[in-house]
Amino acid sequence: MAQPPEGTDAPVDATTEQLPTVDGTGLTGPAGGGPTGPARVGSSIRDLVAKARKGDVLIISAQDLREADADALAATGAVAVVNAQRTASGRQPAAGARRLLDAGMTVIDGAGAAVLAVRDGSQLTLAGDRILRGAALVATGTALTRERVVAADTAALDHLKVQVAVFGSHAIERLEREGPLFFEGNGLPALGVDVSDRVVLVVAESPTTADDLKRLKLFIADRRPLVLAEGGAVDACVANHLRPAVVLGSIDRAPENVLKTSRVIVLRTDTGAQSRLEAMGVGYDTSDVALTGADLAILAAHHAGAQVVVVAGRRQGAVDVLSAEPGEGIGTFLTSLVTARTTTDARVIAETYRHRHSLAFVWTVVLFAGLTFAVALLSVDDVRDWLADAFDTVTGWFGGAQ
């Protein structure tokens, strides 16, 4: 995320300049009534979302912002997004840019590398196309409007047609090579746990993972799913008191104590992960399958006979899949195609799942149990005598007071 925007030949000079006012002394306040707030910069969308607060001005460097990432940024309550690159470049449909505008956020596009040097907490004001720190101009970009988003979508149409054609061709080639892997599960690593007829929760690394898990609390408490986590999502599992049975893919973010108690599957080419695990004395398995950790978990659980696979953290529309790295995007597409019968998104479960017993039913049972207990007590002579004595005593107190 910290790379200069595409098409930039040299770094943008981060030196600020003074903007003259009528009296020539410098800008004395926010121009144009734009939003003002503390700057927040992150090394990735996920890290930025984790530390963002309501009212912040978020600084990113993302070409053609993904819809899922835009949703995660909007959910922070930030007032604005400044992008060093182009949120809507015209190369892809501008779904992410549209989501930010729909959330009421101000967006400045193509602000250049200078904004990435802004310190966290610096008070910024967005005035039209300009990003200001006090009276100083930090950078200039392009204020994103709905008209510009529509223009970007129109420009992206021809490019998208070419992308779809190339993607389809590569997907067919991969199916010819790896059809038995996707359709029969040949060559998939063994999960090492029995998922047959089980509810499986696959936790993918994403800015929306933590929110998905919070919304699934009732479902998780009721159904006790078996958890398979992508390495980068382990911290979100721990934060929500979930212990993954299997950790798959990159383990850079995974805590050591979780790795020691889980089955770990890493790519055979990830020698760094293998060295780390060996240094910790943790056993692991390797896989030659060119899939993300989440896709590997979904496909393996599907072929191992899982009853249903719920996926938390994944927000990938068709455009996101098309614009991903070729191997990753095609792998995700084919995995989704094969596992459609058993896989569902966490959002669907969170919106539709209800406890097996309604609240009215629970209260009815409690009331009935209480009445039954009271009747049982009243059937005991000693209890009836004690209640009669207690009643006489209380009425005597009131009688004595008159």
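Just so it is clear, the model here is predicted, and its values are computed rather than measured.
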Could you give the side-chain donor-acceptor pairs of residues 183-197 under 3.5 Å, partners two or more places apart or in another chain?
residue : atom : partner : partner atom : Å
E184    : OE1  : N186    : ND2          : 3.2
D194    : OD1  : S196    : N            : 3.0

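- For residues 95-105, the salt bridge (charged side-chain N to carboxylate O under 4.0 Å, His left out) pairs, not counting sequence neighbours, are E67-R99, D71-R99, R98-D153, D102-R146.
- Under the rule for a side-chain contact (heavy atoms from CB on, under 4.5 Å), the partners of V41 that lie at least two apart in sequence or sit in another chain are I59, D120.
- Tested against R130 for a side-chain contact (heavy atoms from CB on, under 4.5 Å), the candidates T140, I108, T125 yield a single pass: T140.
- A171 pairs by the side-chain contact (heavy atoms from CB on, under 4.5 Å) definition with I330, not counting sequence neighbours.
- When the salt bridge (Lys or Arg N to Asp or Glu O under 4.0 Å) test is applied to E178, the partners found at least two apart in sequence or on another chain are R174.
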>> Before you tell me yes or no, could you show the steps for L58 and V82 under side chain to side chain contact (heavy atoms under 4.5 Å, CB included), namely the whole-Å CA-CA distance, both residues' side-chain angles and the distance that decides it to 0.1 Å?
In response: CA-CA 6 Å; L58 306 180; V82 176; over 6 Å; no
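- Residues T208 and A72 come closest through the heavy atom pair CG2-CB, 4.2 Å.
- Salt bridge status for E351 with R347: absent, with no side-chain N to carboxylate O gap under 4.0 Å.
- For T292, the side chain to side chain donor-acceptor pair (under 3.5 Å) partners at least two apart in sequence or on another chain are D295.
- In this structure K54 satisfies the side-chain contact (heavy atoms from CB on, under 4.5 Å) test with no other residue, sequence neighbours excluded.
- Evaluation of the salt bridge (Lys or Arg N to Asp or Glu O under 4.0 Å) rule for E147 yields no partner, not counting sequence neighbours.
- Listed by chain and number, the residues in a salt bridge (Lys or Arg N to Asp or Glu O under 4.0 Å) with K214 amount to none (sequence neighbours excluded).
- By the 4.0 Å N-to-carboxylate-O rule, D47 lies close enough to R253 to be salt-bridged with it.
- Sequence neighbours left out, the pairs with a member in residues 280-290 that pass side-chain hydrogen bond (donor to acceptor under 3.5 Å, both in side chains) are R263-D285, R268-T286, R268-D288, E278-Y284.
- Contacts of D109 classified as salt bridge (Lys or Arg N to Asp or Glu O under 4.0 Å), with partners at least two apart in sequence or in another chain: none.
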>> The test is salt bridge (Lys or Arg N to Asp or Glu O under 4.0 Å); show your working for D64 and R86 and say whether it passes.
In response: CA-CA 6 Å; D64 293 311; R86 300 284 299 280; over 6 Å; no
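- Side-chain contact between T339 and L299 is present, with at least one heavy-atom pair separated by less than 4.5 Å.
- Looking at residues two or more places apart in sequence or on another chain, you find a side-chain contact (heavy atoms from CB on, under 4.5 Å) between A273 and I251, V266, D270.
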